[in-house]
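Order of the sequence lines sets the chain letters (A, B, ...), proteins ahead of strands, with each chain counted from 1. Just the heavy atoms: all of them, side chains too, but no hydrogens, waters or symmetry mates, feed the values below.
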Amino acid sequence: MPEGLEVELYRRTAVGAIGRAVARVVVDGSLAPPDFADAVTARVFTSADRVGKLLLLGTDGPTVGLHFGMTGRLVLDGTAAIERLEYGGRRDDERWDRLRIELTDGGVLRVNDPRRWARFSIDPDVVPLGPDLFDVTRAQLRAVLRRRRTTLKAVLLDQHAIAGLGNMLVDELLWHSGLDPRRIANTVTTRQVVRLHAAMAEHLPAMLERGGSHTGVLSPDVRSSRPPCPRDGRPLQVATVGGRTSVWCAYHQR
DNA sequence: GCCCTTGTTACGCC
DNA sequence: AGGCGTAACAAGGG
């Protein structure tokens, strides 16, 4: 599913639309504001940025916001940013195109989303989002955890706290930093915050290089088949924490 | 054919 | 008041 890493790959694909003009917009009206198509038509793309899971396409007019939900894929000129998306559809079926931005040079920028959880916006408000997963400082991470009395898992999934982490990335980072997802956030020690921040700095870029949030130790097949913990051979636990299925090792994550 | 999956929001509770 | 937990949502796939 598109977490911050996948959306960063989408952003890199979207860079290919910079300098190109929009001829026509076809959009699923239930996923965008009423003025969306008019606001984008005849604009020229000027930039491709990202905050958390939100892709921001600058134009010579407004900024276009694309959010991909759980199964949204970005396709530019027939080339998908990610071919095989975890939990995404098996095919790139035309019926699942929720947004088609046809360019004057014959190219097309599409969002293909089987489950219709993508959302499209004009000049989206990024203020409520926390610091981006790649930019968050150790001090920011510490401050965010300090002021919350809910589970570590819930805080890290909260886009207002840190923008861009999803279920799989959070489990992966907690596994690397030896922290139990059920820990109450404001009981995490400074030393543990340092470990968590170091895990983000090391593993987020590494997973991005490998192709996304499914390339970690707790990969989707590990999550389903549940072998012993690759670190210490103890059984992995599975339970709902922070409202999401969580996988962790009760031996080395405390 | 039931049930799992996810990100976000709405809502009720304490 | 406001933080927290949970249900609901869509729909393909196992």
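- Taking every heavy atom of both residues into account, A:P230 and A:V217 meet most closely at CG-CG1, 3.5 Å.
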Let me check something: any side-chain donor-acceptor pairs from residues 119-129 of chain A under 3.5 Å, sequence neighbours excluded? List them with distances.
unit_1, atom_1, unit_2, atom_2, d
A:D123, OD1, A:T63, N, 2.9
A:D125, OD1, A:V127, N, 3.1

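- Atoms CD (A:E6) and C1' (B:dG7) sit 13 Å apart, rounded to a whole Å.
- Contact between A:V155 and A:T150 at its shortest, heavy atoms only, is CG2-CG2, 3.5 Å.
- Atoms CG (A:L218) and P (B:dT6) sit 13 Å apart, rounded to a whole Å.
- In this model, the phosphate group of B:dT6 is not approached by any side-chain N or O of A:K53 to a distance below 4.0 Å at OP1 or OP2.
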What one-letter contact string describes nucleotides 3-10 of chain C from 5' to 3', where B marks a base within less than 4.0 Å of any protein heavy atom, S marks contact via sugar-phosphate atoms alone, and - marks no contact? -SS--BBB
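- One interatomic measurement links the two molecules: CG of A:D113 to P of B:dG7, which rounds to 13 Å at whole-angstrom precision.
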Atom pairs, protein N/O to nucleotides 10-14 of chain B N/O, distance under 3.5 Å:
none

For residues 233-246 of chain A, please give each side-chain donor-acceptor pair under 3.5 Å, one per line with the distance, not counting sequence neighbours.
unit_1, atom_1, unit_2, atom_2, d
A:S246, OG, A:K153, NZ, 2.9
A:S246, OG, A:R244, O, 3.0

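- Regarding contacts with the backbone of B:dG7, every side-chain N or O of A:H67 stays at 4.0 angstrom or more from both OP1 and OP2.
- Rounded to an integer number of Å, the gap from CD1 of A:I162 to P of B:dG7 is 15 Å.
- A straight line from CG of A:L165 to P of B:dG7 spans 10 Å, rounded to a whole angstrom.
- Side-chain contact annotation: A:S177 with A:Q192, donor-acceptor N/O pair under 3.5 Å absent.
- Heavy atoms only, all atoms of each residue included: A:G65 and A:L56 are closest at CA-CD2, 4.4 Å.
- Across its full length, the helix from B:dC2-C:dG14 to B:dC14-C:dG2 shows an angle of 50° between the axes of its 5 terminal pairs at either end, rounded to 10 degrees.
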For the pair A:D113 and A:D28, evaluate side chain to side chain contact (heavy atoms under 4.5 Å, CB included) and give the outcome as yes or no after the intermediate values. CA-CA 11 Å; A:D113 176 23; A:D28 180 332; over 6 Å; no
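- Taking side-chain N and O atoms only, A:Q159 has no distance below 4.0 Å to OP1 or OP2 of B:dG7.
- In this structure A:N186 satisfies the side chain to side chain donor-acceptor pair (under 3.5 Å) test with no other residue, sequence neighbours excluded.
- For A:F134, the CZ atom sits in a packed shell: over 12 heavy atoms of surrounding residues, nucleotides or ligands are nearer than 6.0 Å.
- The distance from atom CG of A:D158 to atom C1' of B:dT8 is 11 Å, rounded to the nearest whole Å.
- Annotation: A:R231, atom CZ; neighbour count of heavy atoms from other residues, nucleotides and ligands within 6.0 Å is above 12.
- Per the geometry, CG belonging to A:L157 stands 10 Å off P belonging to B:dT6, to the nearest Å.
- A straight line from CG of A:L66 to C1' of B:dG7 spans 16 Å, rounded to a whole angstrom.
- Aromatic rings from A:H252 and A:W175 are positioned such that their centres are separated by under 6.0 Å.
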